[in-house]
Protein chains: 2
Amino acid sequence: MENAQLSHGCDLLLPDCTEGGSPCFKAPQVTGVRVQLEMQALWQQFDQLGTEMIVTKAGRRMFPSFQVYISGLDPAADYVLLMDFIPVDDKRYRYAFHSSSWLVAGRADVATPGRMHFHPDSPARGAQWMKQTVSFDALKLTNNLLDDNGHVSVSQMILNSMHRYQPRFHVVYVDPGQDSQLHPHRNFCSFIFPETRFIAVTAYQNHRITQLKIASNPFAKGFRNTDPEDW
Amino acid sequence: MENAQLSHGCDLLLPDCTEGGSPCFKAPQVTGVRVQLEMQALWQQFDQLGTEMIVTKAGRRMFPSFQVYISGLDPAADYVLLMDFIPVDDKRYRYAFHSSSWLVAGRADVATPGRMHFHPDSPARGAQWMKQTVSFDALKLTNNLLDDNGHVSVSQMILNSMHRYQPRFHVVYVDPGQDSQLHPHRNFCSFIFPETRFIAVTAYQNHRITQLKIASNPFAKGFRNTDPEDW
DNA sequence: GTTTTAACACCTAGGTGTTAAGCT
DNA sequence: AGCTTAACACCTAGGTGTTAAAAC
């Protein structure tokens with residue numbers, strides 16, 4: 001197993017989850033789920049510099065985009081896949097250009113309602129989700145509570161600029177049974193990849209982040225230098 | 001019901017379908033299905049001129065694209081949606097420029113294997129299919145049996161140039177039961193919209209078709225005349 | 001002579017960081 | 001001073017008919 005990549009798994013027993021005094025087990029459809037982050041090396045490169053993600057009123061895609069390879073699902077069962085973003089702490093940050101570092105600038109602003117982003121193909125069979133990489137590239141980050149039409153858009157995740165966030169990924173088994181109440185169990189699995197943490201910004205602060213975005217995002221090719229000494 | 005548009009329905013009894021001597025009924029999940037062709041007026045405009053669709057080696061999209069609005073599905077049941085193209089006759093055609101009309105040029109060439117095009121979202125719930133127009137815009141027409149990589153591509157429909165075709169649309173109910181063998185019934189519905197017939201070509205023959213494509217397809221805007229007298 | 005192919009200019013549609021102006 | 005916004009040039013990605021050459 002030389003070139004093997006670490007993939008996250010889902011534990012069978014959840015000690016913190018009890019119902020009626022007895023421990024609560026996960027549904028068999030989610031016990032063996034394994035999730036692997038795509039473009040992990042690139043995520044780590046950004047993370048080492050302190051990843052920044054632009055938020056705009058109209059909504060901005062993430063780069064790198066959140067993509068996972070999933071295995072261990074029940075091919076015939078239905079699943080909903082979704083993402084959310086949780087605050088890493090209750091702080092507000094600002095960037096000190098002279099020292100090229102992030103400083104705490106006070107307590108967090110009032111948290112926006114924690115919205116869930118359903119993958120647009122949800123719900124779908126395990127077989128469908130596993131046959132190729134699942135991409136959340138329709139997801140957009142915004143600092144606006146309403147879209148241009150004054151409506152909430154399902155693909156827009158509302159974040160506070162200058163706050164730090166951790167993306168989370170959830171696999172939810174859709175139980176077709178009517179008697180699922182009688183057999184309580186957790187029907188979902190959550191996954192956190194620490195290297196996907198980022199600070200939301202309205203404009204890039206760290207020049208190294210800007211340069212790495214330009215170097216790695218095909219849509220920013222127009223800003224690349226032919227100069228080979230830059231990186 | 002003034003502005004009502006005719007929609008196609010699925011008959012309950014299929015007289016031509018018998019099993020064990022008794023008539024074969026449709027599964028209840030497909031008996032009430034109604035399908036309405038989108039952009040019907042545009043399709044009819046093309047049909048009156050004699051619709052032509054380009055086929056290329058790499059695959060060419062249809063214009064207009066085949067889009068339908070579906071109702072009457074069981075919201076909770078699973079369906080597969082697919083299309084195929086059947087030869088209208090066993091003839092080969094050629095275009096007579098002097099008379100601006102299509103002439104029979106002999107018997108049809110050997111028919112290509114009649115491939116089925118599954119809508120990429122298949123299978124999905126009735127509720128998913130009904131909530132918005134279903135578009136087959138990923139479908140491409142080709143005159144090549146293999147794609148660039150030497151593989152068959154699922155989105156490519158193989159057609160013979162200079163032959164006439166009729167698109168068909170099928171709604172297939174995915175029966176989850178294991179005992180479906182014991183209760184034989186037709187689990188699908190087919191729909192034919194005569195105005196979607198066309199002749200496959202490698203280059204447009206009728207100039208009026210070319211002009212109508214240019215006038216109505218946004219991607220051909222570069223060829224539009226500012227001259228208002230053209231159409 | 002008829003049909004097919006491949007390169008091409010010109011579009012649609014939309015994702016980038018830049019920049020200057022505006023906001024607080 | 002710090003942060004946000006909107007217009008912008010410049011890309012990616014890919015769908016058009018045109019055209020001239022090639023194929024049959």
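Sequence lines set the chain letters: A, B, ... in the order given, protein chains first and strands last, and positions in each chain run from 1.
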*Point-to-point distance, once rounded to the nearest 0.5 Å, from CD1 of A:Ile199 to OH of A:Tyr165*: 11.0 Å
Output the rounded distance in Å from [atom1] ([X]) to [atom2] ([N]).
X	N	atom1	atom2	result
B:Asn225	C:dC10	CG	P	15 Å
B:Ile54	D:dG14	CD1	P	21 Å
B:Tyr204	D:dG15	OH	C1'	11 Å
A:Met53	C:dT16	CE	C1'	14 Å
A:Phe223	C:dG15	CZ	P	15 Å
A:Leu141	C:dG15	CG	P	13 Å
B:Tyr95	C:dT3	OH	P	12 Å
B:Met62	D:dT16	CE	C1'	16 Å

Taking 4.0 Å as the cut-off, does a side-chain nitrogen or oxygen of [X] come that near to OP1 or OP2 on [N]?
X	N	value
A:Lys57	D:dA6	yes
A:Asn143	D:dT5	yes
B:Lys221	C:dT12	yes

*Using a strict cut-off of less than 4.0 Å between a Lys/Arg side-chain nitrogen and an Asp/Glu carboxylate oxygen, indicate whether A:Asp78 and A:Arg125 qualify as a salt bridge.*
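Yes.
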*Using heavy atoms to find the nearest nucleotide of DNA chain C for A:Phe219 and B:Val201 separately, return the residue whose nucleotide is more 5′.*
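Result: B:Val201.
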_First of B:Met162 and A:Asn217 reached from the 5' end of DNA chain C, by closest nucleotide_ =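 That would be B:Met162.
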*Closest contact, heavy atoms only, A:Ser161 versus A:Thr202*: OG-N, 3.5 Å
Checking all strands, does [X] fall into the base, sugar-phosphate, or nothing category for heavy-atom contacts under 4.0 angstrom?
X	value
A:Arg94	sugar-phosphate
B:Ser161	sugar-phosphate
B:Thr210	sugar-phosphate

Consider the side chain of [X], meaning its heavy atoms from C-beta on, and name the nucleotide among [options] that approaches it most closely.
X	options	answer
B:Arg92	C:dT3, C:dT16, D:dT5	C:dT3
A:Lys140	C:dT4, C:dT16, C:dG15	C:dG15
B:Lys213	D:dT12, D:dG17, C:dA6	D:dG17
A:Gln205	D:dT18, D:dT16, D:dC3	D:dC3

_Taking salt bridge (Lys or Arg N to Asp or Glu O under 4.0 Å) as the definition, give me every residue that meets it alongside B:Asp109, ordered by chain and number, with sequence neighbours left out._
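Here the qualifying residues are B:Arg92.
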*Can the positive tip of A:Lys213 be found less than 6.0 Å from the middle of the six-membered ring of A:Phe223, inside 45° of the ring normal?*
no
*Answer yes or no for A:Arg164 and A:Tyr93: cation-pi contact, defined as NZ/CZ to six-membered ring centre under 6.0 Å and angle to ring axis within 45°.*
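Geometry flag: set, cation within 6.0 Å and 45°.
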*Under 3.5 Å, is there an N or O donor on one side and an acceptor on the other linking the side chain of A:Arg60 and the base of C:dG17?*
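Side chain to base: pair found, below 3.5 Å.
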